[in-house]
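Structure, as structure tokens:
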Amino acid sequence: EPEVTQTPSHQVTQMGQEVILRCVPISNHLYFYWYRQILGQKVEFLVSFYNNEISEKSEIFDDQFSVERPDGSNFTLKIRSTKLEDSAMYFCASRSRASGGPGELFFGEGSRLTVL
Amino acid sequence: SQQGEEDPQALSIQEGENATMNCSYKTSINNLQWYRQNSGRGLVHLILIRSNEREKHSGRLRVTLDTSKKSSSLLITASRAADTASYFCATDKDTGRRALTFGSGTRLQVQP
């Protein structure tokens, strides 16, 4: 069964360092998302991406964050200068084309980011 | 409060009992979805109910939607220990942000 894959599963970094989290969405999906979840808390929307551009972003997704789809398969989230509060589980999700708004999202297993 | 708030925050039941989780939201929606998350894992889609539907079933899951009260419930019948997980509702608003907005989740513990 097709799945969303994320790497790394866990990354530990020093405050101020750049981090890139990688995702390979399901191959025929067109909409891509990043969400994050601070330990035990709610799942927060960061950004959505369609047709090679950001379609929506939240207040969390400030200038320190960027997303890219450098080739036909990878979808990356970059944090330029990590802060302690960026420590969280980051989830990538994708969905196929659907009319009438978001349908089912397929999530990866997440990348746990620990900022020291 | 936030769009998509579940209650209770935590629920502990015995195997075989039914589990009911509720979700309330603030704005008009196109659809509402329920997801499950095992500890430390990704979210898995369970069921989607559209704004013009009132009830939907999938196996042991039953979801209701009351758009007049802006609320939904997820019922898991004949629970199993393997149902232990966190359950999140997620709403797709019909205006403004279209990306799914998740609630805080209900942590369900099913005791064997």
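Sequence lines set the chain letters: A, B, ... in the order given, protein chains first and strands last, and positions in each chain run from 1.
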Apply side-chain contact (heavy atoms from CB on, under 4.5 Å) to A:Leu116 and list each qualifying residue two or more places apart in sequence or on a separate chain.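 Partners of A:Leu116 by the side-chain contact (heavy atoms from CB on, under 4.5 Å) criterion, ordered by chain and then number, come out as A:Val12, A:Gln14, A:Thr114.
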
Qualifying residues under side-chain contact (heavy atoms from CB on, under 4.5 Å), relative to A:Glu3, sequence neighbours excluded: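 Listed in chain order: A:Thr5.
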
Aromatic rings B:Tyr35 and A:Phe107: how do their planes relate, parallel, tilted or perpendicular, breaks at 30° and 60°?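 B:Tyr35 and A:Phe107: perpendicular rings.
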
Under the 4.5 Å side-chain heavy-atom rule for ILVMFWY, direct or indirect, which residues accompany A:Phe106?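 A:Val4, A:Ile26, listed by chain and number.
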
Would a 4.5 Å heavy-atom cut-off, applied to side chains only, mark B:Val110 and B:Ile76 as touching?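 No, side chains not in contact.
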
Please output the residues of residues 85-93 of chain A in contact with chain B, using a heavy-atom cutoff of under 4.5 Å, in numerical order.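 Within residues 85-93 of chain A, the residues that come under 4.5 Å of chain B (heavy atoms only) are A:Met89, A:Phe91.
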
Pairwise distance CZ(B:Arg107) to OG(B:Ser12) - rounded to 0.5 angstrom: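 If I round to the nearest 0.5 Å, the distance is 11.5 Å.
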
Where on A:Gln37 is there a heavy atom nearer than 4.5 Å to chain B: the side chain, the backbone, both, or neither?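 For A:Gln37, side-chain heavy atoms alone lie under 4.5 Å from chain B.
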
